[in-house]
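Notes follow once the structure below has been shown.
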Amino acid sequence: MAKKEALRELQSRLAERLQAARTQQRGSSWLAVECSGRGILFPLREAGEIFAMSVLVPVPHTHRWFMGVANLRGHLHGVVDLAGFLGIKTSEGSSTQSQQLVGFNQSLDLNCVLLVDRLAGLRSEEQLQREPDDGVARPTFVGARYRDGSGRQWQELSLAALAGDEAFLRIVG
C-alpha cells in the first residue's frame, strides 16, 4: 500500500512540474523515461498525461508491440510498448509496478499511450550536454543524443514526429 501511495505522490509531483515547465518555456525541457535500460527524453510540449498501468484488452492480429487498448479516464487509448516498437526490448522485463503509460499531448490528436519501464523525472538543457551526431541514419522521430552529469546517455524522441510516423500510425492511427 505504501508503494502505491509513493507512486501516486511521484505522479502528482511530476504532473505539477510538467505543468509548471510547460508554462515557463525558457529552453528545451524533457520528460525522462527508461525503456529496457535506455534513457529516453520526450519533449515536454509534446508529452501528455501520465497514467499508472491499467487493465489492457488485447487486440488480435496486431504487432507484438501493440499491447491492446485501455480505458483511461473514460477514453479508450491504444497502448504501445515503446521498447518493443523501437526494437530495443530485452528479455529482462521491468516490474509492472514501476511501468507507466505516457500519453501524447492533446494537440497531437492521438488516443495512444506509450508503455515505459519507469519515469526518471524531468530534464532541462542545463542538465544535459548534446552529443555530436554520428551520421547514422535514424527514423525522423529520433532526435539528438545527450549525456547527463553522471555520464548517462539519453536519446530524444519527438512524440509529434512519432505521431506522424507511417509504421506507427498504421497500427494506432
Side-chain angles (χ1 to χ4, degrees), residues 6-53 65 79-110 112-169 172:
L7 183 59
R8 280 190 208 119
E9 187 176 309
L10 172 66
Q11 286 176 314
S12 176
R13 283 195 319 265
L14 274 175
E16 289 171 8
R17 289 181 63 194
L18 275 169
Q19 186 59 37
R22 282 188 187 118
T23 58
Q24 290 174 356
Q25 290 296 341
R26 279 186 236 164
S28 295
S29 51
W30 299 271
L31 172 64
V33 300
E34 291 185 7
C35 288
S36 289
R38 299 190 188 191
I40 308 279
L41 300 170
F42 299 139
L44 275 182
R45 67 187 177 282
E46 298 174 4
E49 192 169 354
I50 298 167
F51 301 95
M53 191 58 185
W65 47 263
V79 178
V80 171
D81 178 357
L82 183 59
F85 176 77
L86 296 174
I88 61 172
K89 189 155 186 91
T90 60
S91 59
E92 306 167 11
S94 71
S95 162
T96 55
Q97 290 181 346
S98 65
Q99 289 180 324
Q100 298 286 300
L101 302 172
V102 178
F104 288 73
N105 187 292
Q106 287 181 337
S107 66
L108 298 175
D109 197 30
L110 190 63
C112 180
V113 292
L114 301 173
L115 174 66
V116 299
D117 291 340
R118 77 176 198 86
L119 300 175
L122 299 176
R123 301 293 186 276
S124 66
E125 276 182 321
E126 297 82 32
Q127 296 172 299
L128 301 169
Q129 182 164 348
R130 190 177 179 140
E131 299 255 294
D133 186 9
D134 59 8
V136 175
R138 292 185 173 81
T140 57
F141 56 83
V142 176
R145 283 179 298 143
Y146 295 87
R147 195 163 297 274
D148 65 19
S150 68
R152 175 144 192 211
Q153 191 175 59
W154 295 90
Q155 179 69 59
E156 180 180 29
L157 291 183
S158 167
L159 295 177
L162 181 61
D165 183 74
E166 189 176 319
F168 189 78
L169 280 177
V172 300

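For the pair Gln127/Asp148, no side-chain contact is recorded, criterion being any heavy-atom separation below 4.5 Å from C-beta on. Put simply, the side chain of Leu31 reaches to within 4.5 Å of the side chain of Leu122, judged on heavy atoms. In this structure the side chain of Leu162 never reaches within 4.5 angstrom of the side chain of Leu108, judged on heavy atoms. Looking at Met53 and Leu115, their side chains come closer than 4.5 Å, going by heavy atoms from C-beta outward. No side-chain heavy atom of Phe51 sits under 4.5 Å from any side-chain heavy atom of Val79.
Listed for the Ser98 side chain is a donor-acceptor partner under 3.5 Å among the backbone atoms of Asp117. Checking side-chain atoms of Glu156 against main-chain N and O of Ile40 turns up no donor-acceptor pair under 3.5 Å. The backbone N or O of Ala160 lies less than 3.5 Å from a partner atom in the side chain of Glu46, making a donor-acceptor pair. Looking at Ser36, its side chain does come within 3.5 Å of a backbone N or O of Thr90 through a donor-acceptor pair.
Contact detail for Cys112 and Phe168: the closest heavy-atom pair is SG-CZ, 3.8 Å. In plain terms, the two heavy atoms of Leu41 and Ala32 that are nearest each other are CD2-CB, 3.9 Å. Scanning both residues, Ala120 and Trp154, for their nearest heavy atoms gives CB-CH2, 3.9 Å. When all heavy atoms of Leu114 and Phe104 are compared, the closest pair comes out as CG-CE1, 3.9 Å.
Between atom CG of residue Leu157 and atom CZ of residue Phe85 there is a gap of 9.5 Å, rounded to the nearest 0.5 Å. Taking CG from Asp81 and CG from Leu86, the interatomic distance works out to 9.0 Å, rounded to the nearest 0.5 Å. Note: Arg123 CZ to Ser29 OG = 12.0 Å, rounded to the nearest 0.5 Å. Separating the CG atom in Leu128 from the CD atom in Gln153 is a distance of 11.0 Å, to the nearest 0.5 Å. Remark: Leu110 CG to Asn105 CG distance equals 11.0 Å, nearest 0.5 Å. In this structure, Leu101 CG and Leu82 CG are separated by 11.5 Å, a value rounded to the nearest 0.5 Å.
The neighbour count for Asp109 CG, taken as heavy atoms of other residues, nucleotides or ligands under 6.0 Å away, does not exceed 12.
Applying the salt bridge (Lys or Arg N to Asp or Glu O under 4.0 Å) rule to pairs touching residues 98-108 yields nothing, sequence neighbours excluded.
Here Glu34 pairs with Arg118, Arg152 under the salt bridge (Lys or Arg N to Asp or Glu O under 4.0 Å) rule; sequence neighbours left out.
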